[in-house]
Amino acid sequence: MMTPYAPANSEQKWQAAWDKAGVFTAQHDPSKPKYYVLEMFPYPSGRIHMGHVRNYTMGDVVARYKMSCGFSVLHPMGWDAFGMPAENAAMERGGHPKDWTYGNIADMRGQMKPLGLSIDWSREFATCDPEYYGQQQAMFLDMLEAGLVYRKNAVVNWDPIDMTVLANEQVIDGRGWRSGALVQRKELTQWFFKISDYAGELLSALDDLKDWPEKVRLMQANWIGQSRGLQFAFGTINAPAGFDRIECYTTRPDTLMGASFVGISPDHPIAKALEQTDPDMAAFIAECRKGGTTEEAIETGEKLGRDTGLRVRHPLDEAWELPVYIANFILMDYGTGAIFGCPAHDARDFEFATKYDLPIHAVFCPEGDETADADLPLAQEFVPLKSEKVRYIRGYAGDTVQTGEQAIAAAITFCEANGIGRGVTNYRLRDWGLSRQRYWGCPIPVVHCAACGVVPERKENLPIRLPDDVTFDKPGNPLDRHPTWRDTTCPKCGAAARRETDTMDTFVDSSWYYARFTAPHATTPTDPAETDYWMNVDQYIGGIEHAILHLLYSRFFARAMHKTGHLPAKAVEPFKALFTQGMVTHEIYKTTDGNGRPVYHLPEDIDRDAGVVRATGEKLEIIPSAKMSKSKKNVVDPMNIIASFGADTARFFVMSDSPPERDVEWTAAGADATSKFLTRVWRIASEIADGAGGAGGAEDQALMRATHKAVDEVTRSIDGFAFNKAVAAIYGLSNTLAKSQAANPAKRAAMQIMAQLMAPMVPHLAEDIWAALGGAGFVVQAGWPKADPALLMQDEVTLPIQINGKKRAEITVPRDMPASEVEKIVLADEAVIKALAGGQPKKLIVVPGRIVNVVI
RNA sequence: GCGGGCGUGGCGAAAUGGUAGACGCAGCAGGUUUAGGUCCUGCCGCCGCAAGGCGUGGGGGUUCAAGUCCCUUCGCCCGCACCA
C-alpha cells in the first residue's frame with residue numbers, strides 16, 4: 001500500500017535506529033582502508049545556520065559514500081568553544097561564559113542531530129573542556145622546551161575594544177578581525193610561536209598539496225612572502241658610538257649604484273639612540289609611532305622622513321657619502337629595519353626623494369631607449385621596470401645583463417665575490433603572537449617568580465584550570481584582578497610566585513583538534529597508535545575565510561607537534577585534501593522609511609510574486625543573492641525548513657544546482673520543488689513496491705542501461721566533488737524510471753540501486769525506499785553499486801555529421817563499424833550529397849564513435 | 001600597484017578540443033480536478049510564418065573542428081598591499 005511520505009516520523013525513526021546499531025562509530029580496523037573526513041568545527045553561537053547545513057552535508061555525503069565503498073570512516077564533530085563572544089555575553093547579560101558556552105553547545109547539538117549526519121558523537125569534545133586544554137598546555141610546555149615558543153618584548157597590535165593583542169593575520173585593513181576597532185600599536189612582552197622557523201618549509205610544501213585549491217595555496221604563498229636579495233652594510237661616518245655599520249636588505253642589489261639615501265625605521269636601534277640625545281628626533285619618532293598601522297595613515301600613505309645628520313659611505317665607492325633618514329614607512333621587523341633608497345627605480349623611494357629633494361640616479365633604461373648613455377644624467381622621472389628586458393648601464397656588473405632577474409643574480413654574485421654582503425632569503429611571515437589578555441581561553445601554563453623568572457608549570461599540575469569565580473563588571477582581564485588565582489608557588493624554588501594571566505589565542509585550540517579526534521579521551525595529547533592509523537585528514541571541508549589564519553597555523557602546529565613527538569612524520573601536512581565551499585545566500589527584501597532609512601523584511605512577511613510587504617502593501621526592493629545576515633533579515637533558519645519539509649529536503653537542496661565551491665541561493669520555490677521531487681521518488685518507489693511494472697522485454701534492458709549510466713555518473717560526480725551533477729543524474733534516473741515500461745523485477749532492481757545512489761544525500765528517504773523494497777539491513781551498510789561496463793556501452797552510436805564544422809545531419813551506425821564503412825555511408829547521405837554538389841570533399845574526418853566532419 | 005578567479009538562455013547551471021544549453025527553477029499549452037493546489041503530458045537560446053540564419057562579454061589567431069587552447073580588450077569578483 002502506498003503510504004504518504006512523512007519525513008518527520010521517518011527521519012527520527014532512522015536516526016534512532018542508526019544510533020542504536022552504532023553504525024557511525026568509527027572503528028580502528030587495520031584490515032580496512034581508513035578515511036578521515038572532517039568539516040571545520042563550529043563556534044557554539046547557539047544556532048546553526050544554512051552555511052552549517054551545507055558544510056556538514058557535504059562532509060556527510062563524502063563520509064557515507066566512503067563508508068559504502070568499504071572504508072573505515074572517521075567523521076567526528078566538536079566545538080571551537082573559547083573566545084570573546086562568551087565573555088561579551090557575560091558582560092552584557094551577566095552569567096558565566098562557561099554556562100553560556102555549554103548551553104549553546106547543547107542547543108546546537110540538538111539542532112544538528114535532526115540533520116541525520118553520520119557523525120561519531122562518542123568522540124565529541126569542546127576546546128573549553130579542561131581535558132582538552134590541559135593537553136594543549138602539556139604540548140605548550142613541550143614546545144617551550146623545544147624552543148618553538150618564546151617570550152619577547154615587541155610592538156604589537158592592540159585591539160582597544162576587545163582589550164587584547166591580535167596577531168598580524170588577525171588585523172584586516174588596520175582593524176581587529178572580530179571587533180572592527182582601529183588597531184593601535186603597543187609595546188608589550190608577549191609569547192610567540194616560532195612559525196618563522198618554518199617559513200621556507202611551509203612554502204615549499206605547498207607544492208605537494210595537490211588536492212588543495214590553487215587559490216588557497218597562492219594566498220598562503222603570498223602571505224609567507226619569500227624574497228631573495230642581498231644583505232650588506234653601509235659604513236658610518238659620524239654615528240653614535242657602537243654603530244659602525246648600518247645593515248640593509250635589498251631585493252634589488254642591481255640598483256645599488258642608484259642609491260641616494262639610507263633610510264632607517266623609527267624603531268631602529270640608531271633611531272632609539274638618537275631619540276635619547278636629540279629632542280627634534282625624539283619628537284619626529286613619536287609622531288611616526290602615533291601613525292603606524294592606523295587606517296588613516298595607511299590610506300593617506302604620506303611618506304614622512306627626517307634627515308638625521310648622519311652620513312654613510314657607499315660600499316662600492318668609499319668617496320660617495322649618503323645621508324641617513326628616519327622614515328615612517330620602514331618596518332623594523334622586516335629585513336634589517338633599514339633600506340637604501342633608489343628613487344629612479346622604486347616608486348616609493350621616488351616619492352620620498354621628490355619630497356625631500358634628494359638626487360635621482362638612473363641605473364638603467366628600458367631596452368630601445370637610445371637617449372640613455374653609459375653615463376646617465378640625473379633622471380627627472382621615475383623609470384619603472386616594466387619590461388623584463390633592460391639595457392643595463394651603470395654599475396659594477398658590466399652592461400651585458402639582459403633581464404632584471406639576471407641582473408639581480410649577477411649583482412649578488414658580484415657583491416659576495418667582493419666581500420660586500422651576502423645573498424639571503426627573507427620572509428614576510430612573522431612569528432605568531434599567541435598571548436591574549438582575556439579570560440575565556442586556555443591559560444598559558446607558566447609562573448613568574450621574582451627569583452627564577454619565567455618558570456614552566458610542572459606537567460603533573462596540569463590542567464591549569466580557569467577559575468569559575470570571576471566577574472565581568474569591569475573591562476580588562478578578570479584573571480588579572482582575581483584575588484587568589486594568580487597566587488601560586490614557583491615550581492622551581494617554591495617561593496611565592498604569580499601565574500601568567502594571559503591566555504592563548506583561540507586559533508591555538510583549532511590548530512590541533514583534528515589530531516585529538518583520533519583519540520579524544522587519551523591521557524596524553526595524542527595516541528601514537530591512533531594518529532598512525534587515522535591521520536591525515538583525507539578530506540577537510542570549510543570556508544575560504546580560513547585560507548590563511550587557521551590553515552596556516554594548523555600546518556605549522558602539526559610540524560611543531562611532530563618535533564615534540566605528538567604526531568608522526570606523515571602528519572606534518574594534516575589535511576591531505578581541502579575543499580572550500582561557497583556560501584548559502586538569499587535575496588534581501590527592503591523598503592525605505594519616512595526618513596530614507598532602509599527597512600528590511602523577513603521572507604515570511606512578504607509576498608514575493610506581488611513584490612509587496614504583506615501587512616502594509618508597501619512596494620519592495622528585491623536585492624539579489626546576498627550573504628545571509630540577521631541585520632538584513634534574509635536568514636532562513638534550518639530548523640524551520642526541517643520542521644516543514646524534513647532534513648532530506650534541506651540536504652538535497654543545498655547539494656543541488658550550484659557547484660559546491662560556488663554560492664548557492666536559497667529560495668522558497670527551490671525548497672518546494674526539492675520537497676516535491678523527494679515525494680515523487682517516494683511515490684514511484686511505493687508503486688514499484690506494490691508491484692507496478694510494464695511488459696518488460698527490451699524495456700528491461702534499456703532501464704538497466706540507464707541505471708548503470710546513472711551509477712557511473714553519480715560515482716564520478718561524488719568523487720569529483722560535483723554534487724550538483726550527482727543530483728542531476730538522480731533526477732535523470734527518476735525520470736527514466738517513472739516512464740519506463742520495464743517489468744516489475746527490473747524496476748525494483750533499478751529502484752534499489754537508486755536508493756543506494758541517493759543514500760549519501762538523502763539518507764532517511766533512501767532507508768525508507770530500501771526497506772519498502774525489501775532490502776536487507778540498512779542501505780547505508782549495503783555497499784556502493786558498481787557500474788557494469790558492458791551496460792555502459794551502446795551497440796549503436798549516433799554520429800553527428802558536420803560539414804565544414806557545422807552540424808548538418810546525423811547517422812546511426814554500429815559502434816565498431818570501421819571508418820571506411822562510415823565514410824561510405826556519410827558520402828551517401830542526402831545532406832552531404834547536396835552540399836558537395838557533385839564535387840569531392842577536400843577532407844573527410846571520421847572520429848570513431850564521436851563525430852564526422854566533411855571539409856569542402 | 002601586485003597576485004588570482006570568473007563572464008554560457010529569463011534564472012541556477014552542464015559540456016575528455018568533437019551535436020552548446022544535460023538536470024533543475026521560472027514560463028507557456030493541454031489533461032485530471034467543482035475551483036485552486038497537487039499530479040500527468042508536451043513546448044521552452046535568439047531572429048524568422050517558414051526555409052533558414054545567428055548564437056558561450058568584444059576583437060583577432062591556431063585547428064578539419066574552439067565555451068574549452070593562444071594573443072588582445074572590456075566588465076565583475078576575491079586576496080594581498082608602505083615587505084625594501
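All figures in this text were calculated on a predicted structure; none of them were measured in a lab. Each chain gets a letter, A, B and so on, in the order the sequences are listed, and its residues count up from 1.
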**Q** Tell me the partner of B:rG21, counting only Watson-Crick (N1-N3 plus N6-O4 or O6-N4) or G-U wobble (N1-O2 and O6-N3) with both under 3.5 Å; none if nothing fits.
**A** none

**Q** Remember a base hit wins even if backbone is also touched, and classify A:Leu218 as base, sugar-phosphate or nothing at under 4.0 Å, heavy atoms.
**A** sugar-phosphate

**Q** Side-chain N or O of A:Asn735 less than 4.0 angstrom from OP1 or OP2 on B:rA22?
**A** no

**Q** Among A:Phe723, A:Trp212, A:Phe721, which one satisfies ring pair (Phe, Tyr, Trp, His ring centres under 6.0 Å) with A:Phe579?
**A** A:Phe721

**Q** When rounded to the nearest Å, what value does the distance between P atoms of B:rA14 and B:rG24 take?
**A** 15 Å

**Q** Would you mind pulling out the nucleotide paired to B:rG79, Watson-Crick or G-U wobble, both distances under 3.5 Å?
**A** B:rC2

**Q** With C1' as the reference atom in both, quote the distance from B:rC2 to B:rA81 in angstrom, rounded to an integer.
**A** 8 Å

**Q** So, are A:Arg217 and A:Glu214 salt-bridged, with charged N and O less than 4.0 Å apart?
**A** yes

**Q** How far, in whole Å, is B:rG57 from B:rC64 if one measures between their C1' atoms?
**A** 28 Å

**Q** When the P atoms of B:rG42 and B:rG9 are considered, how many whole Å apart are they?
**A** 27 Å

**Q** Please determine if a side-chain N or O atom of A:Arg428 lies less than 4.0 Å away from the OP1 or OP2 oxygen of B:rA81.
**A** yes

**Q** Describe, in one word, how the ring planes of A:Phe234 and A:His314 are oriented to each other, choosing from parallel (under 30°), tilted (30 to 60°) and perpendicular (over 60°).
**A** perpendicular

**Q** With respect to the phosphate group of B:rC40, does any side-chain polar atom (N or O) of A:Lys739 fall under 4.0 Å of OP1 or OP2?
**A** no

**Q** How should the glycosidic conformation of B:rG9 be described, syn or anti, under the criterion that syn lies within 90° of 0?
**A** syn

**Q** If the cut-off is 4.0 Å, is A:Asn328 near the phosphate of B:rC82, judged by side-chain N/O to OP1 or OP2?
**A** no

**Q** Looking only at atom C1', what distance separates B:rU56 and B:rC46, rounded to whole Å?
**A** 13 Å

**Q** Report yes or no: is there a donor-acceptor pair, N or O only, under 3.5 Å between the side chain of A:Asn853 and the base of B:rC64?
**A** yes

**Q** OP1 or OP2 of B:rA13 less than 4.0 angstrom from a side-chain nitrogen or oxygen of A:Arg662, does that happen here?
**A** yes

**Q** Using Watson-Crick or G-U wobble geometry with both distances under 3.5 Å, which nucleotide pairs with B:rU16?
**A** none

**Q** Write down the distance separating the P atoms in B:rG75 and B:rG27, rounded off to the nearest Å.
**A** 36 Å

**Q** Less than 4.0 angstrom between a side-chain N/O of A:Lys807 and OP1 or OP2 of B:rU19, yes or no?
**A** no

**Q** Which part of the nucleic acid, if any, lies within contact of A:Tyr249, taking any heavy atom under 4.0 Å across all strands shown: a base, the sugar-phosphate backbone alone, or nothing?
**A** base

**Q** Watson-Crick or G-U wobble partner for B:rG9, using a 3.5 Å limit on both distances?
**A** none

**Q** Do the side chain of A:Lys676 and the base of B:rC39 come within less than 3.5 angstrom through a donor-acceptor pair of N or O atoms?
**A** no

**Q** Quote, to the nearest angstrom, the P distance that separates B:rA29 from B:rC44.
**A** 15 Å

**Q** What is the pairing partner of B:rG42, taking Watson-Crick or G-U wobble pairs with both distances under 3.5 Å in any strand?
**A** B:rC28

**Q** Counting only heavy atoms from other residues, nucleotides and ligands, does the tally under 6.0 Å from CZ of A:Arg245 exceed 12?
**A** no

**Q** Classify the side chain of A:Arg808 and the base of B:rU19 as holding, or not holding, a donor-acceptor pair under 3.5 Å.
**A** no

**Q** Please report the distance separating the C1' of B:rA84 from the corresponding atom of B:rC74, rounded so that it comes out in whole Å.
**A** 35 Å

**Q** Only pairs with both distances under 3.5 Å count, Watson-Crick or wobble alike; so what is the partner of B:rU33 in this structure?
**A** none

**Q** Can you tell me if the side-chain N/O atoms of A:Arg680 get under 4.0 Å from OP1 or OP2 in B:rU38?
**A** no

**Q** Return no unless some side-chain N or O of A:Arg608 is found under 4.0 Å from OP1 or OP2 of B:rA26.
**A** no

**Q** Go through B:rC54, B:rC80, B:rU16 for me and flag the one nearest to the A:Arg850 side chain.
**A** B:rU16

